[in-house]
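Attaching a single structure in structure tokens format; questions to follow.
Hydrogens, waters and symmetry mates are skipped; everything else that's a heavy atom, side chains included, is used. A, B, ... follow the sequence lines: proteins, then strands. Residue 1 opens every chain.
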2 protein chains.
Amino acid sequence: MNALADYFKVFSEPNRLTVLETLRPGPLNVTAVVERTGLSQALVSKHLKLLTIAGVVRRRPEGSLVFYEVIDKGVFQLMGQARKLMLASRRQQLDALAAIL
Amino acid sequence: MNALADYFKVFSEPNRLTVLETLRPGPLNVTAVVERTGLSQALVSKHLKLLTIAGVVRRRPEGSLVFYEVIDKGVFQLMGQARKLMLASRRQQLDALAAIL
DNA sequence: TCGTGTTATAACCAAATCGTTATAACAGCC
DNA sequence: GGCTGTTATAACGATTTGGTTATAACACGA
């Protein structure tokens, strides 16, 4: 239970999700991610490290650059399903509200 | 992106997942959840409140008891998929380790 | 109304988390 | 070697979060 919670925690941070989304089309090195996200370099590095430790992303040094890429694109399916559930629960809540008013 | 992260955050806490799992078979009132989880009553109440706000769970007062039930059992599918991905990434990491040693 | 069982909340502490700034570590090139 | 560009990390402050304890709020029955 604990391990699963930790896994979910990986996706529970907006900037981290942004970084991950940036890597969706394909591998990028750190500065490329920095440019695309507008986040600070230190912060991007931190998030990428976390994603690596979580096994979501793979680190591949190439010369003086370091590329990162998503290991299993199934994570995006997970995100999609989560988004769907989230939207459904929102609708449900609005309906509940409407039933009261 | 932010909303999605918040949704994931709901599932990023071990005790909260335990509470949710307890509700899997069907509706339970608070004390029933307390008994089954071994968590303190105040803590269970807190987590249930969060789950309610997140729209994962519905609150239904019945006399002096308050029952909670999972609105969309699809959340368990989400958890299943997450667990699967988690295990896969673990395997992958072990393989990477084995390749080095 | 008083007491009891149930649930919610407030106040508080400890720990975790996120971001920034500054700097280290590293690779390649002159 | 020294310089530059790239990436990682350490140190710090601010905020959030999870848990406990104590108590409030609520429904019900004697």
Side-chain angles (χ1 to χ4, degrees), chain A residues 1-23 26-70 96 100, chain B residues 1-23 26-70 96 100:
Chain A
M1 200 92 278
N2 212 292
L4 186 56
D6 280 346
Y7 191 72
F8 272 111
K9 195 173 298 185
V10 173
F11 306 98
S12 74
E13 220 286 318
N15 289 336
R16 199 146 55 227
L17 284 190
T18 306
V19 167
L20 191 53
E21 202 65 55
T22 302
L23 293 177
L28 287 180
N29 69 327
V30 180
T31 29
V33 175
V34 170
E35 285 164 359
R36 273 154 228 241
T37 58
L39 302 175
S40 79
Q41 183 267 317
L43 191 52
V44 169
S45 252
K46 263 195 188 179
H47 284 309
L48 285 173
K49 180 170 195 179
L50 240 170
L51 289 167
T52 306
I53 291 174
V56 174
V57 140
R58 172 185 4 243
R59 196 185 108 106
R60 184 161 43 81
E62 191 141 329
S64 75
L65 306 184
V66 179
F67 284 84
Y68 285 86
E69 74 180 305
V70 175
I100 293 172
Chain B
M1 202 90 279
N2 213 294
L4 186 57
D6 279 347
Y7 191 72
F8 272 112
K9 195 173 297 187
V10 173
F11 305 99
S12 74
E13 220 286 316
N15 288 336
R16 199 146 55 227
L17 284 190
T18 307
V19 167
L20 191 52
E21 201 66 54
T22 302
L23 293 177
L28 287 179
N29 70 326
V30 181
T31 30
V33 175
V34 170
E35 285 164 358
R36 273 154 228 241
T37 59
L39 302 174
S40 80
Q41 184 267 317
L43 189 53
V44 169
S45 253
K46 262 195 187 178
H47 284 309
L48 284 173
K49 179 169 198 178
L50 239 171
L51 288 168
T52 306
I53 291 174
V56 174
V57 140
R58 170 183 9 236
R59 196 185 108 107
R60 184 161 45 81
E62 191 141 329
S64 74
L65 306 185
V66 179
F67 284 84
Y68 286 87
E69 73 180 305
V70 175
I100 293 172

**Message:** Does B:Q41 reach a base, just sugar-phosphate, or nothing at all? Heavy atoms under 4.0 Å.
**Reply:** base
**Rounded interatomic separation in angstrom, taking CG from B:L48 and P from C:dT6** = 16 Å
**Contact nearer the 5' end of DNA chain D, comparing A:L65 with A:K46** = A:L65
**Request:** Starting from C1' on C:dC18, measure out to CG on B:N2 and report it in whole angstrom.
**Result:** 13 Å
**Fill in**
Between CG of B:L28 and P of C:dT6 the distance, given in whole Å, is 14 Å
**Asked** Rounded to whole angstrom units, what separation is found between the CZ atom of B:R16 and the C1' atom of D:dT17?
**Response** 9 Å
**Whole-Å distance separating the CG atom of B:N29 from the C1' atom of C:dG5** = 11 Å
**Request:** In whole angstrom, give the distance that lies between atom CZ of B:R60 and atom C1' of C:dA8.
**Result:** 19 Å
**Prompt:** Quick one: are B:N29 and B:Y68 in side-chain contact, heavy atoms under 4.5 Å?
**Reply:** no
**Asked** What does B:T31 touch in the nucleic acid at a heavy-atom separation under 4.0 angstrom: a base, only the sugar-phosphate, or nothing?
**Response** sugar-phosphate
**Request:** Look at the side chain of A:S64 and decide which nucleotide, out of D:dA27, D:dA8, D:dT6, has an atom nearest to it.
**Result:** D:dT6
**Message:** Quick check on C:dC18: is either OP1 or OP2 less than 4.0 Å from any side-chain nitrogen or oxygen of A:N15?
**Reply:** no
**Message:** Need to verify one output field. Residue with the more 5' nearest nucleotide on DNA chain C, B:A32 or A:A42?
**Reply:** B:A32
**Message:** Are the side chains of A:E69 and A:L23 in contact, using a 4.5 Å heavy-atom criterion?
**Reply:** no
**Prompt:** Does B:K9 make a side-chain N or O approach to OP1 or OP2 of D:dT17 shorter than 4.0 Å?
**Reply:** yes
**Prompt:** Just by distance, do the side chain of B:R59 and the backbone of B:F67 share a donor-acceptor pair under 3.5 Å?
**Reply:** no
**Asked** Below 4.0 angstrom from OP1 or OP2 of C:dG19, is there any side-chain N or O of A:H47?
**Response** yes
**Message:** Quick check: do A:V56 and A:F11 have side-chain heavy atoms less than 4.5 Å from each other?
**Reply:** yes
**Request:** Please check if the side chain of A:T31 supplies one atom and the backbone of A:V34 the other of a donor-acceptor pair under 3.5 Å.
**Result:** no
**Asked** OP1, OP2 of D:dA8 versus side-chain N and O of A:R59: anything below 4.0 Å?
**Response** yes
**Asked** In whole angstroms, how far is the P atom of C:dG19 from the CG atom of A:L50?
**Response** 11 Å
**Request:** Check the distance between C:dC12's P and B:L43's CG and give it to me in whole angstrom.
**Result:** 20 Å
**Message:** Check the phosphate of C:dA8 against B:S45, side-chain N and O only, distance under 4.0 Å to OP1 or OP2. Yes or no?
**Reply:** yes
**Prompt:** Looking for any heavy atom pair under 4.0 Å, which part of the strands does B:F67 touch: base, sugar-phosphate only, or nothing?
**Reply:** nothing
**Prompt:** Think A:Y68 has a side-chain N or O under 4.0 angstrom from the OP1 or OP2 of D:dT6?
**Reply:** no
**Message:** Need one value for B:K49: base, sugar-phosphate or nothing, where a base atom within 4.0 Å counts as base even if backbone is also close, heavy atoms only.
**Reply:** sugar-phosphate
**Item:** Polar side-chain atom of A:S12 near backbone of A:K9 as donor-acceptor pair, under 3.5 Å
**Value:** yes
**Message:** For a quick test of reading the model: is some side-chain N or O of B:S40 closer than 4.0 Å to OP1 or OP2 of D:dT20?
**Reply:** yes
